[in-house]
Peer 1: 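Below is one structure. I have some questions about it.
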Amino acid sequence: HGTWFQTAIGRPSFLKYEDSGGLIPVHNVGVSLDGAIPSGGLGLHYFAEIGNGRPYHDPASGRNAVNNVVDSDGGKAVNFALVARPMAIPGLQFGAGFYHDSLFPDGQRHTAEGIAHSHVVYKDAAWEFFAEAVGISHRPDGGRTLRSTAWFTQISRGFGVLRPYARYTFQKVPVKDGPFSLLGLTGEHSGPSVGLRWDLNDYAAYKIQLDRTSHSDTATTNSVTLQVALTF
């Protein structure tokens, strides 16, 4: 399960699964093509994908499950990205790309969706560093483009079986964004998280995480979460 591979207890807010309040289409059933690009020591790779995209319906309808068989929006989503893994710096990866889909949210006009995404990752035996950012645009027919932004950065250092970590997450969605307002995902949310992972053995890890999140529409929340992650 993903919680075993993740250092932290959960995903940053905007990268949560679609049915858990995430902003981006984490699941995309379709076809993916990738390969190496001759680039010497830069280690360039490309990724080209086409899939069913994400549905945007009233949550009360129960119709926001992953589009496994058909695209409920009537058209396919496409994604293209470039990734570099420089040979001179083992453990480093960075890249960027663009995702596009056509949306037909319940009770709204056809909306063009574009998602620009980028990431940087560095990982060796002791250190882990992750950073990811997305810029999401929604342009309804005959309307103006509304843009949402989200990013996070996380760093951790291993000390034997213990790995403390820290993360900061930010997301901002305009209140007038049609598709996201339909799902109740508008507003601004940001804040730090700190935690500790303890790998008890090769099959179990204990984690504790403290989160402090500021919300634009409600009071700041503080939470402590415990987790046991298992693998077989």
Side-chain angles (χ1 to χ4, degrees), residues 1-27 54 59 83 91-97 99 115-136 147-175 177 180 183-231:
H1 194 272
T3 56
W4 170 261
F5 296 105
Q6 296 167 188
T7 296
I9 281 181
R11 295 165 172 261
S13 56
F14 69 95
L15 294 178
K16 290 181 178 180
Y17 292 145
E18 295 90 333
D19 58 0
S20 299
L23 293 183
I24 69 172
V26 176
H27 298 91
R54 176 182 183 177
V83 172
L92 175 64
Q93 173 180 299
F94 57 91
Y99 172 100
I115 304 177
H117 51 89
S118 61
H119 74 277
V120 178
V121 174
Y122 177 77
K123 181 177 174 64
D124 62 17
W127 289 95
E128 287 182 347
F129 173 77
F130 309 97
E132 185 168 354
V134 296
I136 306 170
R147 293 180 172 84
S148 305
T149 57
W151 57 268
F152 89 96
T153 183
Q154 177 177 311
I155 189 169
S156 71
R157 172 71 159 84
F159 299 91
V161 297
L162 299 177
R163 178 173 289 275
Y165 60 89
R167 180 169 74 196
Y168 192 90
T169 305
F170 174 88
Q171 70 177 61
K172 184 176 182 179
V173 179
V175 295
D177 185 290
F180 287 147
L183 301 179
L185 300 179
T186 60
E188 183 176 325
H189 312 279
S190 62
S193 303
V194 294
L196 177 68
R197 173 178 175 140
W198 171 30
D199 285 283
L200 181 64
N201 50 46
D202 292 337
Y203 306 99
Y206 297 155
K207 307 177 192 178
I208 181 172
Q209 182 171 309
L210 290 76
D211 299 281
R212 180 177 176 84
T213 307
S214 298
H215 308 272
S216 58
D217 52 351
T218 59
T220 298
T221 59
N222 300 284
S223 63
V224 178
T225 309
L226 304 175
Q227 183 184 82
V228 179
L230 304 174
T231 185

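Just so you know, residue 1 is the first one in the sequence shown, and it goes up from there.
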Peer 1: Does the side chain of F170 reach to within under 4.5 Å of the side chain of T149, using non-hydrogen atoms?
Peer 2: yes
Peer 1: If you compare all heavy atoms of V134 against all heavy atoms of I115, which two are closest, and at what distance to 0.1 Å?
Peer 2: CB-CG2, 4.3 Å
Peer 1: For the aromatic rings, using the six-membered ring if either is Trp, is the centroid distance between F130 and H119 under 6.0 Å?
Peer 2: no
Peer 1: Can you name the side-chain contact (heavy atoms from CB on, under 4.5 Å) partners of A116, sequence neighbours left out?
Peer 2: F98
Peer 1: Kindly list each side-chain donor-acceptor pair under 3.5 angstrom involving residues 216-225, sequence neighbours excluded, with atom names and distances?
Peer 2:
| residue | atom | partner | partner atom | Å |
| --- | --- | --- | --- | --- |
| S216 | OG | E188 | N | 2.9 |
| T221 | OG1 | H215 | NE2 | 3.1 |
| N222 | OD1 | R212 | NH1 | 2.9 |

Peer 1: With a 3.5 Å distance limit and no angle check, can you tell me whether K16 reaches the backbone of R11 through a side-chain donor-acceptor pair?
Peer 2: no
Peer 1: So which atom in K207 and which in I9 form the shortest heavy-atom distance, rounded to 0.1 Å?
Peer 2: CB-CG1, 3.7 Å
Peer 1: Taking the side chain as every heavy atom from C-beta outward, state whether I155 and Y168 have any atom pair closer than 4.5 Å.
Peer 2: no
Peer 1: Checking T7 now: which residues fulfil side-chain contact (heavy atoms from CB on, under 4.5 Å) with it, not counting sequence neighbours?
Peer 2: E128, Q154, S156, R163, Y165
Peer 1: For Q171, which residues count as a side-chain contact (heavy atoms from CB on, under 4.5 Å) partner, sequence neighbours excluded?
Peer 2: S13, F14, L23, A150, H189
Peer 1: What residues, two or more places apart in sequence or in another chain, satisfy side-chain contact (heavy atoms from CB on, under 4.5 Å) together with V175?
Peer 2: T186
Peer 1: Are any of the side-chain heavy atoms of V26 and L15 separated by less than 4.5 Å?
Peer 2: no
Peer 1: Are the side chain of Q209 and the backbone of S193 linked by a donor-acceptor contact shorter than 3.5 Å?
Peer 2: no
Peer 1: Can you find a heavy atom in the side chain of F180 that is under 4.5 Å from one in the side chain of I136?
Peer 2: yes
Peer 1: Should Y206 and L196 count as side-chain neighbours, where that means a heavy-atom distance under 4.5 Å?
Peer 2: no
Peer 1: What distance do D124 atom CG and L92 atom CG have between them, rounded to the nearest 0.5 Å?
Peer 2: 11.0 Å
Peer 1: Which distance, rounded to the nearest 0.5 Å, do you find between the CD of E132 and the OG1 of T169?
Peer 2: 11.0 Å
Peer 1: Name all residues meeting the ring pair (Phe, Tyr, Trp, His ring centres under 6.0 Å) criterion together with W127; count only those two or more places apart in sequence or in a different chain, and write none if there are none.
Peer 2: none
Peer 1: When rounded to the nearest 0.5 angstrom, what is the spacing between OH in Y203 and CG in L230?
Peer 2: 12.5 Å
Peer 1: Any donor and acceptor pair, going by atom type alone, linking the side chain of R197 with main-chain N or O of Q6 inside 3.5 Å?
Peer 2: yes
Peer 1: Within a radius of less than 6.0 Å around NZ of K172, do more than 12 heavy atoms belonging to other residues, nucleotides or ligands occur?
Peer 2: no
Peer 1: If I compare all heavy atoms of E18 with all of P25, which pair ends up nearest, and what's the gap?
Peer 2: OE2-C, 3.5 Å
